*Asks:* 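One structure coming up, written as structure tokens, with questions to follow.
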Protein chains: 2
Amino acid sequence: MVRNLLFTIEYDGSDFYGWQRQPNVPTVQGVLEEVLSKICNMPIAIHGTSRTDAGVHALGQRASFSGDFGIPTDRILFATNNMLPPSICITAVEEVPADFHARFNAKGKTYRYKIKNTSKRNVFDRNYVYYVAAPLKVEAMAEAAEHLVGTHDFKCFQATGGPEKTTTVRTITEMKVQQDGDEITIDVTGDGFLYNMVRIIVGTLVQVGLGKISPNQIPGIIQSKDRSKAGQTAPPQGLYLVQVHYEDLKK
Amino acid sequence: MVRNLLFTIEYDGSDFYGWQRQPNVPTVQGVLEEVLSKICNMPIAIHGTSRTDAGVHALGQRASFSGDFGIPTDRILFATNNMLPPSICITAVEEVPADFHARFNAKGKTYRYKIKNTSKRNVFDRNYVYYVAAPLKVEAMAEAAEHLVGTHDFKCFQATGGPEKTTTVRTITEMKVQQDGDEITIDVTGDGFLYNMVRIIVGTLVQVGLGKISPNQIPGIIQSKDRSKAGQTAPPQGLYLVQVHYEDLKK
């Protein structure tokens, strides 16, 4: 009987050329499909929710795939983790309806971005945070973030050269900017994101934190729809896909 | 004028085949010598305190080197860090007397070993801790550690196949076993260590934590001088060289 399964996946993006399958380089999707095809003894193609870039991490990426494979659902998590490299871990598996698709059914996603605001780097964090040496005004960053919440045309926060979208209107439902010692975390939840949108938002908030953009300039930047008015794209290694939101599932 | 310099070095051992220079593979010493030779415009050979194994990290490795190089001492730290890969960082440099040698002048070293005692792994820690899933009795481990403090023949904690030592007597001056949530840290300070000694001590303490060896069996294991009585060698990625102790220097 054909089953449709949904994985929750954690991975360290440092080891991969991003999520999406590519020839001759290790990608998360490529490694997962290779392992699943062996376990299920048939070619398996998986559909991930988010095509994370090289260096971007995931705590809760989702991917669905279906087939008439022999292995029971409650065995597949252990079998898969047993064959995966230690930089990828399946944290949950569930059976979903036949027409469920990890990407098309997603109602939203939450990303987290980690900044370390210190001039004293340590070598162990280099793949997991964005180091900013100059002191950042976190309150100003939080104030600027409030202007981004809502339904806007986020064209100025879209990387040039990415896939063409029919619309660049998106809804950000929540933003949180928090500080804990020298670590600043920025959580963004929205119904969908343009190419590099979270990283450009973070780059813009860093400009605010440095005092180069004031929080009340943000609405004008949004209205300009001009990529050059927003900040630089923050580097990939600070970004984590935290959670994918579905309407019909428990989480 | 010939100067003799002493570096303090932090590195992430995951990226290297250990400290010691080897042909055709990246090692910390090899990378440092290559960079310093360029900066100083002459061949530089450095003497590290500890030949850490592949995967072992350092917060405070030391290395000395001398030469009649042009660059001022206060410029060399910045210049070196600028050319090093982000997995190695020079944290301090100081001028030392001409006869000072980072290894031969060391009076002792402190190592730290990090265990995560949980069945719930996360992919980001895989190169930085030793995961132990079964619950460990930390009090028993601390009690066992007390038996190791002092001057003993530590032959049973020496890896076979390592370099022959004239004596296997060493002095451990301090051991600390601490728990913080699911993280257990074991700090060991001593005047010198046999090959893999810290990792075999940790492997033995894990056996104690699992209840397979009782703390009061430790003196008998030491007296046996029999490697097979001690625990397995704990994996390299949990081990950090924290500090090297010198008599005549500030730190």
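These numbers come from a predicted model, not from an experiment. Worth knowing before you read on, the calculation uses all heavy atoms, side chains too, and leaves out hydrogens, waters and symmetry mates. Below, chain A is the first sequence line, B the second, and so on; all start at residue 1.
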*Asks:* Give me the contact list for residues 110-130 of chain A versus chain B, heavy atoms only, anything under 4.5 Å, ordered by residue number.
*Replies:*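 Hits under 4.5 Å: Arg121(A), Asn122(A), Val123(A), Phe124(A), Arg126(A), Tyr128(A).
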
*Asks:* Under 4.5 Å heavy-atom distance to chain B, tell me which part of Ile88(A) shows up: side chain, backbone, both or neither.
*Replies:*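 The backbone, not the side chain.
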
*Asks:* Could you check whether Phe7(B) and Phe65(B) have their ring centres less than 6.0 Å apart?
*Replies:* yes

*Asks:* Quick check: does any side chain N or O of Ser66(B) sit under 3.5 Å from a backbone N or O of Asn4(B), one acting as donor and the other as acceptor?
*Replies:*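 Not at all, since once roles are kept as given, no pair shorter than 3.5 Å links the two residues.
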
*Asks:* May I ask you to decide whether Glu34(B) forms a salt bridge with Arg21(B), counting only side-chain N to carboxylate O separations under 4.0 Å?
*Replies:*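 Not counted as a salt bridge, because no side-chain N and carboxylate O are separated by less than 4.0 Å.
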
*Asks:* Any chance you could measure Leu6(A), atom CG, to Thr49(A), atom OG1, to the nearest 0.5 Å?
*Replies:* 7.0 Å

*Asks:* Using the test side-chain hydrogen bond (donor to acceptor under 3.5 Å, both in side chains), find all partners of Thr80(A) that sit at least two apart in sequence or belong to another chain.
*Replies:*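 Listed in chain order: nothing, the list is empty.
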
*Asks:* Between Asp15(B) and chain A, with a heavy-atom cut-off of 4.5 Å, which part of the residue counts as in contact: side chain, backbone, both or neither?
*Replies:* side chain

*Asks:* Which region of Tyr240(B), side chain (C-beta onward) or backbone (N, CA, C, O), has a non-hydrogen atom less than 4.5 Å from a non-hydrogen atom of chain A, or is it both or neither?
*Replies:*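 Just its side chain gets close to chain A.
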
*Asks:* Would Tyr246(A) and Phe100(A) count as a ring pair (Phe, Tyr, Trp, His ring centres under 6.0 Å) here? Give the steps.
*Replies:* CA-CA 10 Å; Tyr246(A) 296 108; Phe100(A) 184 95; 5.0 Å; yes

*Asks:* Sub-3.5 Å donor-acceptor pair from the side chain of Asn82(B) to the main-chain atoms of Phe78(B), do we have one?
*Replies:* no

